[in-house]
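Notes to accompany the following structure.
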Amino acid sequence: MSERINHRAFTERLMSAEQAAAFVKPGMTVAMSGFTGAGYPKAVPGALAKLIAAEHDAGGEFKINVLTGASTAPELDGVLARAEGMNLRLPYMSDPDLRRRINDGDMEYMDIHLSHVAQHAWFGFYGKIDLAIVEVAGITADGELIPSTSVGNNKTWLEMADHVILEVNKQQSAALEGMHDLYYGTALPPHRKPIELTTPRDRIGQKYLDIDVRKVVAVVETDAPDRLSPFAPVDETSERIADHLLSFLDYEIRQGRLSEKLLPLQSGVGNIANAVLAGLARGGYKGLTAYTEVIQDGMLELIKDGTIDFASATSFSLSTEGVEEFNKNIDRYRDRILLRPQEISNHPEIIRRLGCIALNGMIEADIYGNVNSTNVLGSKVMNGIGGSGDFARNGYLSVFMSPSTAKGGKISGIVPFASHVDHTEHDTMILITEQGLADLRGHSPKQRAQLVIDNCAHSDYKALLQDYFDRACSQSYGKHTPHLLGEALSWHQRFEQTGDMRPAS
Ligand code: 0RQ
């Protein structure tokens with residue numbers, strides 16, 4: 001038996017990544033593991049990319065549809081994008097080569113709420129899933145799968161796919177065993193039952209993933225780390241954003257709306273969200289919980305110093321240093337972290353019940369609070385909506401954060417009209433930039449606009465926004481959400497034409 005494979009039926013199927021990749025045929029829909037750079041297959045996609053490139057060199061056509069949990073890494077999205085091997089990719093992604101292909105119009109990309117993916121697959125919206133390629137940390141003597149550093153949609157992929165390729169990665173810590181909670185109680189409407197999870201700590205499922213061994217066509221052993229990009233160092237801008245958030249939370253506690261334990265935190269991906277988590281350590285909180293998608297470096301720090309007592313997620317998203325820290329002190333983290341399928345970590349029913357505090361980054365917001373999380377200048381996708389919509393719509397509080405400007409001040413993060421809307425004004429309660437915080441709760445559109453302009457806009461753009469808003473208030477067709485339609489997107493147009501949202505004068 002191999003070190004991590006303790007069941008004969010699986011060792012019998014051991015083969016090289018090249019042999020396993022040969023099971024993938026053009027036109028297939030292939031579902032892969034992987035969520036924010038963790039737990040993705042490390043070897044088969046690379047071998048597949050070589051097969052694809054060879055086929056293209058020979059004048060043939062070889063493209064597949066790729067479904068994942070969320071973003072993966074260069075060894076999956078990067079190699080397949082460079083080989084021009086994907087017709088369609090869903091959902092969230094962050095690989096630069098993949099992003100380029102999508103934005104060049106060479107392939108299709110579907111950006112979907114992360115909680116929707118598994119159920120849409122079950123509803124049949126994505127057609128048949130031919131093959132699943134899933135990384136696991138080991139296979140037990142009973143033939144069950146020990147999940148890796150992310151769970152994502154793996155349960156669904158293993159159940160739905162006609163055939164399965166397993167990558168068993170011995171570099172993933174053996175101590176991951178027991179850190180997962182796999183819920184098998186989901187059903188299709190109208191047969192759904194309540195999901196009985198009432199605190200982030202609750203275990204409602206099993207430790208291992210089930211697998212029908214008859215579907216397993218290949219098992220590949222790997223020994224490679226998750227590869228994650230480092231976060232930008234915490235700078236003054238993100239520290240100021242964190243400070244505004246902390247003052248706001250203190251205010252909520254003083255008002256009696258939140259207790260000192262707050263409510264379960266959700267924190268998005270990206271530099272700002274990570275820096276804000278680091279800032280929470282300064283807040284002096286103890287014994288908080290998180291019900292979120294990803295455990296990033298900032299959250300690991302909070303668990304380490306006792307700020308967070310328990311975190312439920314679907315994946316890790318750690319830098320190399322974060323992975324080292326986790327592996328070195330895994331005993332400290334083992335009883336404080338549970339990884340669940342993303343349909344549970346992001347489930348609207350649970351998020352609403354727990355009352356999560358949703359903290360997410362954004363690209364831009366407009367004066368009324370519509371938030372663009374995904375498309376620069378309304379057309380160029382950055383990463384995708386991820387789970388931000390699952391949490392913003394259903395959380396107790398929805399907070400969106402961003403520096404007030406981007407690209408050296410040439411772009412304003414607060415605009416007259418968002419060039420793409422992921423979260424409507426109805427889903428946005430709090431907007432924060434380094435300039436300040438706008439608490440939009442209980443305010444009408446015009447009141448919200450004034451708060452956003454006063455509190456969040458950068459000084460280079462404040463007067464311009466005020467001028468737009470004032471003229472809209474007097475000239476708009478309707479006076480409920482005043483807009484000048486011919487001008488509403490003119491800032492984005494100006495940037496396209498001149499490289500700066502500010503007028504030349
Ligand atoms: O670009 O890297 O080329 O410099 O966007 O911006 O300010 O470093 O912020 O890393 O926190 O990311 C919305 C992308 C913010 C992220 C987004 C450019 C900026 C920079 C990154 P460069 P920052 P962050 C749960 C939650 C959606 C998914 C989500 C995100 C780069 O938060 O992907 O929330 N959110 N999931 O220059 C042009 C603007 C810009 C802009 C920023 N207005 N115009 N470029 N940038 N604002 C987790 C999961 O779902 C898995």
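Whatever order the structure lists ligands and atoms in, that order sets their numbers, starting from 1.
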Just need the protein heavy atom nearest to atom 1 (O) of ligand 1, so name the residue and atom and give the distance.
K407 NZ, 3.4 Å
Within a 6.0 Å radius of atom CD on E108, are there more than 12 heavy atoms belonging to other residues, nucleotides or ligands?
no
Would you call R89-D77 a salt bridge at under 4.0 Å N-O?
yes
List the closest protein heavy-atom neighbour of atom 50 (O) of ligand 1: residue, atom name, distance to the nearest 0.1 Å.
G387 N, 2.7 Å
Kindly state whether the ring of W491 and the ring of Y461 have centres lying under 6.0 angstrom apart.
yes
For the residue pair Y468 and H483, categorise the inter-ring angle as parallel (less than 30°), tilted (30 to 60°) or perpendicular (more than 60°).
tilted
Salt-bridge contact K42-E167 (side-chain N to carboxylate O under 4.0 Å)
no
Carboxylate-amine/guanidinium proximity below 4.0 Å for D243 and R240:
no
Heavy-atom proximity to atom 35 (N) of ligand 1, picking from S388, S373, G37, points to S373
Atoms of ligand 1 under 4.0 Å from any heavy atom of G384, numbered from 1 in the order shown, are 27 (C), 28 (C)
Between E364 and N372, is there a side-chain donor-acceptor contact under 3.5 Å, judged purely by atom types and distance?
yes
Within a distance of under 4.0 Å, is there any protein heavy atom near atom 6 (O) of ligand 1?
no
Test the K261-Y285 pair against the cation-pi criterion, namely NZ or CZ under 6.0 angstrom from the six-membered ring centroid and within 45° of the ring axis.
no
Could you list which atoms of ligand 1 come closer than 4.0 Å to a heavy atom of I385?
28 (C), 29 (C), 36 (N)
Under a 3.5 Å cutoff, is there a donor and acceptor pairing between the side chains of T36 and S315?
yes
Under 4.0 Å from a heavy atom of I411: which atoms of ligand 1 are those, numbered in the order shown and with their elements?
38 (C), 39 (C), 43 (N), 44 (N)
Classify the angle between the aromatic ring planes of H116 and H113 as parallel (below 30°), tilted (30 to 60°) or perpendicular (above 60°).
perpendicular
Distance filter under 4.0 Å to Y92 heavy atoms, resulting ligand 1 atoms
28 (C), 33 (O)
Could you tell me whether E293 and ligand 1 have an N or O pair separated by under 3.5 Å?
yes
Using a 4.0 Å heavy-atom threshold (strictly under), name the region of F391 that reaches ligand 1: side chain, backbone, both or neither.
neither
Closest to atom 31 (C) of ligand 1 (judged by heavy-atom distance), picking from M382, H423, K410, Q266:
M382
Give the contacting part of I272 toward ligand 1: side chain, backbone, both or neither, where contact means a heavy-atom distance below 4.0 Å.
both
Atom 41 (C) of ligand 1: the protein heavy-atom neighbour that sits closest, reported with distance to 0.1 Å:
A406 CB, 3.9 Å
protein heavy-atom neighbour closest to atom 45 (N) of ligand 1 works out as V376 CG2, 3.8 Å
Less than 4.0 Å from atom 21 (C) of ligand 1, is there any heavy atom belonging to the protein?
no
Inspect the contact between R99 and D95 and indicate whether a charged nitrogen and a carboxylate oxygen are less than 4.0 angstrom apart.
no
Do H180 and Y208 have their ring centres less than 6.0 Å from each other?
no
Would a 4.0 Å cut-off, counted as strictly less than, catch a protein heavy atom around atom 17 (C) of ligand 1?
no
Heavy-atom nearest neighbour in the protein, as seen from atom 48 (C) of ligand 1, with distance rounded to 0.1 Å
V269 CG1, 3.5 Å
Pick one of side chain, backbone, both or neither for how T36 approaches ligand 1, counting any non-hydrogen atom pair under 4.0 Å.
side chain
Check whether any N or O atom of N271, backbone or side chain, sits under 3.5 Å from an N or O atom of ligand 1, and answer yes or no.
yes
Note the single closest protein heavy atom to atom 33 (O) of ligand 1, along with its residue, its atom name and the distance in Å.
N383 ND2, 2.7 Å
Sub-4.0 Å atoms of ligand 1 with respect to non-hydrogen atoms of G268
25 (C), 26 (C)
For ligand 1, which atoms have a heavy atom of F35 less than 4.0 angstrom away?
51 (C)
For M362, counting its heavy atoms only, list the atoms of ligand 1 lying under 4.0 Å from any of them.
13 (C)
Inspect the contact between R201 and D309 and indicate whether a charged nitrogen and a carboxylate oxygen are less than 4.0 angstrom apart.
yes
Once you restrict to heavy atoms under 4.0 Å, what part of L377 touches ligand 1? Side chain, backbone, both or neither.
neither
Is the count of non-hydrogen atoms from other residues, nucleotides or ligands lying under 6.0 Å from K207 atom NZ greater than 12?
no
Identify the protein heavy atom lying closest to atom 12 (O) of ligand 1, giving its residue, its atom name and the separation to 0.1 Å.
G270 CA, 4.4 Å
Regarding R340 and E293, does a basic nitrogen lie under 4.0 Å from an acidic carboxylate oxygen?
no
Less than 3.5 Å apart, any donor N or O on the side chain of E343 or Q119 sitting next to an acceptor on the other?
no
Polar contact flag for A70 and ligand 1 (N/O pairs, less than 3.5 Å)
no
Tell me, which protein residue and heavy-atom name are nearest atom 26 (C) of ligand 1, and how many Å apart are they?
N360 OD1, 3.2 Å
Atoms of ligand 1 under 4.0 Å from any heavy atom of G386, numbered from 1 in the order shown, are 50 (O)
